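As the structure is a computational prediction, the values presented were derived from the model and not from experiment. Residue numbering restarts at 1 for every chain, and letters A, B, ... go by the order of the sequence lines. Hydrogens, waters and symmetry mates are skipped; everything else that's a heavy atom, side chains included, is used.
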There are 2 protein chains.
Amino acid sequence: MNKKDKDTEQLILQAAQKVFTEKGLAGARMQDIADKAGFNKALVHYYFTSKAKLFELIFEQEFKAFFFDLVGIVSSDLPLFEKIERIIEHDIDKMTKFPGLPNFVLNEISRNPEVILKQFKKIPVENVLGGFQKQINSEIKKGTIRKISSEQLLINIQSLCIFPFLARPMIKGLMRMDEKAFLAMMQKRKSTVLEFILGAIKA
Amino acid sequence: MNKKDKDTEQLILQAAQKVFTEKGLAGARMQDIADKAGFNKALVHYYFTSKAKLFELIFEQEFKAFFFDLVGIVSSDLPLFEKIERIIEHDIDKMTKFPGLPNFVLNEISRNPEVILKQFKKIPVENVLGGFQKQINSEIKKGTIRKISSEQLLINIQSLCIFPFLARPMIKGLMRMDEKAFLAMMQKRKSTVLEFILGAIKA
DNA sequence: GTCTATAATTTGATAGAC
DNA sequence: GTCTATCAAATTATAGAC
């Protein structure tokens with residue numbers, strides 16, 4: 001594979017990423033992907049055979065982007081409060097950088113469960129959750145925080161960080177914000193959410 | 001319009017509600033709607049003219065279902081903590097009853113903003129938020145809760161209640177839950193979330 | 001490797017019989 | 001009001017030239 005190939009393949013992948021995350025599997029058009037990449041439909045098929053195959057590649061990539069760093073942070077040996085802060089920062093920064101990411105991943109999982117379940121098996125959930133639970137239990141024992149499960153705490157952190165991005169057009173519409181104001185609010189929310197969570201869990 | 005008409009129309013609307021909320025606008029098929037209603041495509045067009053028109057009806061209905069009761073609760077004169085409890089109950093009960101609701105509404109708004117913005121104008125946001133903010137300010141003044149804006153508090157409540165339903169297949173996949181376990185967790189989450197929020201805002 | 005042209009399929013929509 | 005049959009448009013996919 002020479003340099004030209006690599007460029008073309010990458011250009012198509014980038015275009016596909018954009019179109020799929022904006023429109024979803026059902027709404028995406030191979031023509032749009034070809035146009036955005038600067039080539040034609042035939043070439044997209046030449047490189048990736050079918051829409052379904054191309055979608056799978058993109059989905060896997062986005063799914064990893066959604067989880068990879070997060071698992072690293074949760075599994076790290078940072079102190080609990082600092083870890084929570086890092087998760088919040090990670091989430092909000094990632095969603096700011098890839099606006100369509102959470103909607104795409106969650107929505108496509110909901111609507112195409114069959115294509116996707118195999119992705120879950122790549123994540124060592126038991127280890128990650130188990131380790132995090134140990135850390136939490138130790139803090140509970142020390143009396144620094146109230147009783148809570150690692151699952152519920154993680155769900156709460158993710159909820160508070162990710163939901164506003166999923167509801168972005170609604171929040172903007174209801175609260176009369178433009179894009180700039182929304183992003184400013186989300187930056188400020190890093191500390192708002194951290195305080196909120198620490199207030200909720202501290203004993 | 002006689003009884004037969006009414007039945008047919010209703011059956012088609014019910015089928016459309018199911019198909020659109022499961023598949024979204026782009027993924028929905030008129031054929032599926034006709035099949036599920038027990039009639040044929042031609043009849044669906046006879047009653048509702050086009051896919052776009054039928055979608056608009058369903059979307060408006062779902063959008064109202066999403067907001068109508070919520071606005072009532074937020075605008076009520078319940079004491080703050082009780083109001084928060086009622087919002088949580090309302091959200092979780094509604095999402096339990098209509099599983100596809102939040103994903104459908106938020107996702108279609110993200111992907112078809114042009115069709116939908118007019119819905120927002122039906123909600124008297126300023127009044128609702130303004131009244132709620134007054135109630136919050138009065139509690140802050142009394143020293144019962146910490147400083148927080150009505151917007152952020154509402155976003156937090158909605159995040160904690162709705163996000164788990166949006167991430168349902170992911171949560172079930174990662175945490176090895178079946179549907180029954182998931183719903184049991186969400187019921188239990190009513191009190192978990194209430195405690196979490198009260199812990200976070202109480203002074 | 002990239003293009004044009006076209007086949008094959010899917011799907012929204014309509015005509016016309018009953 | 002409901003159906004069958006069919007059209008027209010959109011869209012995925014392939015054949016074949018360069």
_Using whole Å, what does the distance between atom C1' of nucleotide C:dT2 and atom CD of A:Glu9 come to?_
15 Å
*asked:* Strictly under 4.0 angstrom, non-hydrogen atoms only: write out the protein contact profile of nucleotides 4-18 of chain D, one letter per nucleotide from the 5' end, B, S or -.
replied: B------SBBBB---
*asked:* Taking side chain to side chain donor-acceptor pair (under 3.5 Å) as the definition, give me every residue that meets it alongside B:Lys134, ordered by chain and number, with sequence neighbours left out.
replied: none
*Rounded interatomic separation in angstrom, taking CG from A:Leu43 and C1' from C:dG1*: 7 Å
*side chain to side chain donor-acceptor pair (under 3.5 Å) between A:Lys83 and A:Gln135: does it pass, once the steps are laid out?*
CA-CA 11 Å; A:Lys83 189 180 279 192; A:Gln135 179 176 28; 2.7 Å; yes
*Figure out the NZ/C1' separation between B:Lys23 and C:dT11, and round it to whole Å.*
15 Å
_D:dT2, OP1 or OP2 - any side-chain N/O from B:Thr8 closer than 4.0 Å?_
yes
*asked:* If the condition is ring-ring contact (aromatic ring centres under 6.0 Å, His included), which residues does A:Phe20 pass it with, not counting sequence neighbours?
replied: A:Phe55
_Qualifying ring pair (Phe, Tyr, Trp, His ring centres under 6.0 Å) pairs, either residue in residues 181-203 of chain B, two or more places apart_ = B:Phe165-B:Phe182
_Among residues at least two apart in sequence or on other chains, which ones pass side chain to side chain donor-acceptor pair (under 3.5 Å) with B:Ser159?_
none
*Partners of A:Ala26 by side chain to side chain contact (heavy atoms under 4.5 Å, CB included), sequence neighbours excluded?*
B:Ala26
